[in-house]
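No hydrogens, no waters, no symmetry mates; every other heavy atom, side chains included, goes into these values. Numbering of ligands and ligand atoms starts at 1, following listing order.
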Amino acid sequence: MDKFIINGGHQLSGKVHISGAKNAAVAIIPAAILSDGVCRIENIPNISDVSELIRILYELGADIKMITDSIIEINCSHIASHVVPLEMTRRIRASSYLMGAMLGRFNKAKVAPPGGCDFGVRPIDQHIKGFEALGARATIETGMVNLSADRLIGSHIYLDVVSVGATINIMLAAVKAKGLTVIENAAREPHIVDLANFLNSMGADIRGAGTDVIKIRGVSSLGGTTYSIIPDQIEAGTYMAAVAGAGGDVIIDGVIPKHLESITAKLIEAGVTVEDLGDAVRVISNGHLTRCNVKTMPHPGFPTDMQPQFTTLLAAADGTSMVTEGVWDARFRYVDQLTLMGAQIQVDGKVAVIEGVDRLKGAPVQATDLRAGAAMVIAGLMASGTTEISEIQHIERGYENLIEKLTAIGADIRRVTVAPTDTSVSKAQ
Ligand code: EPZ
């Protein structure tokens with residue numbers, strides 16, 4: 001029942017440090033199942049999607065040591081079962097990576113289908129196509145995905161759609177298969193490269209990650225490692241958008257500017273100044289943005305995970321903008337919430353036409369999913385008056401210490417707990 005309360009209209013200034021990448025962490029943690037040794041993983045983001053995954057590994061029998069908030073040691077050598085039931089997986093999308101990791105380790109896996117953000121149908125046909133190409137039989141029985149192989153054998157796999165999840169799952173399954181696996185039309189996101197680097201640090205032989213052809217030569221075993229996760233491209237982009245919309249001058253620290261190129265290019269087009277400081281970016285904005293068009297695409301295109309945040313900026317930009325969603329079928333559901341704040345947006349399928357208004361107005365709104373929730377936070381920072389955001393558990397799946405980080409750069413945002421029977425705010429933190 002917790003909510004965020006934001007009093008908008010404050011310019012942001014100072015420095016914000018970016019955490020480890022969620023979408024890398026949720027691939028790398030299950031990948032530890034493939035190791036015979038201890039995996040020390042650093043720069044882990046402290047978010048609920050990650051703690052859910054760690055809990056799943058613990059319940060499966062892994063030894064887990066939290067060394068600090070952001071460093072963990074995982075030893076999966078005692079995991080004996082290849083079965084991951086629904087009550088463990090329903091809350092996160094990334095549980096699908098347990099399929100590839102379990103299959104790669106045991107030659108079999110029985111995993112409940114994943115949960116996670118709801119923005120239309122989220123098929124896994126390309127994951128299954130990859131597993132079958134490696135020699136696994138796949139069936140769905142009583143709601144569980146059942147995979148089994150006598151032995152996984154390397155194969156040539158062409159993905160019909162560029163899929164982050166399928167690329168990662170095939171890498172996990174193929175890393176200890178016999179012979180060479182080639183994934184063509186592979187996804188190129190930074191977290192794919194991070195997973196490949198993690199697996200290679202354990203002794204894998206993966207080449208080409210970051211291009212659309214990935215070659216995996218199977219090895220017989222993987223050892224322990226120490227590895228640090230890359231910074232979160234989307235968390236960084238979200239703070240860049242927050243500064244762009246609210247106005248101010250903020251250094252966004254601990255990032256890889258190359259990963260932010262498409263976001264930076266669009267912010268500059270909208271009238272924002274972005275300086276590359278090597279391992280940080282400085283964002284300067286007077287809060288008055290110019291219209292532009294955006295189309296989301298797989299990396300290195302503009303990321304779909306920044307689409308709601310950017311649409312929110314354009315809702316109060318000068319002129320008419322068009323945002324086209326090129327990855328998901330139904331990622332504009334949050335637009336109804338922005339409309340409650342005075343935005344003028346028409347959605348037709350995968351296209352949103354946005355008539356910029358002078359200013360958004362604070363209102364009670366919902367976080368309908370993770371990035372939509374981040375967009376509501378940005379809208380609240382930009383708006384006049386007070387914005388109250390409910391369903392914030394979606395936001396906490398992917399943003400570490402959001403309140404602390406935003407407060408430190410001058411935002412007026414707090415979290416409150418509302419008693420279930422009482423609609424008024426009862427306790428402020
Ligand atoms: C990953 O989801 C991310 N999640 C998503 O981020 C992100 O939006 C998405 O990639 C695209 O960048 C994680 O990394 C945990 P896909 P994933 O497979 O892997 C179609 C966030 O906000 N498709 O690349 O599930 C699919 O329908 C989250 O952090 C098939 O048709 O996405 C979609 O249209 C939300 N068949 C497109 O491909 C398949 O077998 C891309 O999906 C698989 C996917």
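- Residue contacts with ligand 1 leave out A187, since none of its heavy atoms falls under 4.0 Å from the ligand.
- Salt bridge annotation for D232-K22: absent, with no cationic side-chain nitrogen under 4.0 angstrom from a carboxylate oxygen.
- Put simply, the side chain of S262 does not reach to within 4.5 Å of the side chain of M306, judged on heavy atoms.
- Residue-to-ligand polar distances place G165 within reach of ligand 1: an N/O pair is separated by less than 3.5 Å.
- Put simply, CD on Q346 and CD on E355 are 8.5 Å apart, with the number rounded to the nearest 0.5 Å.
- Between the CD1 atom of I268 and the NZ atom of K266 there is a distance of 11.5 Å, given to the nearest 0.5 Å.
- For atom 37 (C) of ligand 1, the nearest non-hydrogen atom from the set I124, L370, V327 belongs to V327.
- Close approach of ligand 1 to Q126 (heavy-atom distance below 4.0 Å) involves ligand atoms 36 (N), 39 (C), 40 (O).
- For V26, no nitrogen or oxygen atom sits less than 3.5 Å from a nitrogen or oxygen atom of ligand 1, counting backbone and side chain alike.
- In terms of the side-chain contact (heavy atoms from CB on, under 4.5 Å) criterion, residue partners of P257 (sequence neighbours excluded) are, by chain and number, V255, D276, V281.
- Annotation: salt bridge (charged side-chain N to carboxylate O under 4.0 Å, His left out) contacts involving residues 173-193, sequence neighbours excluded, are absent.
- Within ligand 1, counting atoms from 1 as listed, the ones closer than 4.0 Å to a heavy atom of T304 are 8 (O), 11 (C), 12 (O).
- Considering only non-hydrogen atoms, atom 24 (O) of ligand 1 lies nearest to V164 out of D49, V164, D305.
- The side chain of K22, and not its backbone, has at least one atom closer than 4.0 Å to an atom of ligand 1 (non-hydrogen atoms only; side chain from C-beta on).
- The closest approach between any non-hydrogen atom of R397 and ligand 1 is not below 4.0 Å.
- Salt-bridge annotation for E132 and K129: absent, with no side-chain N of the basic residue lying under 4.0 Å from a carboxylate O of the acidic one.
- Atoms CG and OH, from N185 and Y158 in turn, are 4.0 Å apart once rounded to the nearest 0.5 Å.
- Near R331, meaning under 4.0 Å from any of its heavy atoms, are these atoms of ligand 1: 8 (O), 22 (O), 35 (C).
- Of all the heavy atoms of P123, the ones lying under 4.0 Å from any atom of ligand 1 are found in both the backbone and the side chain.
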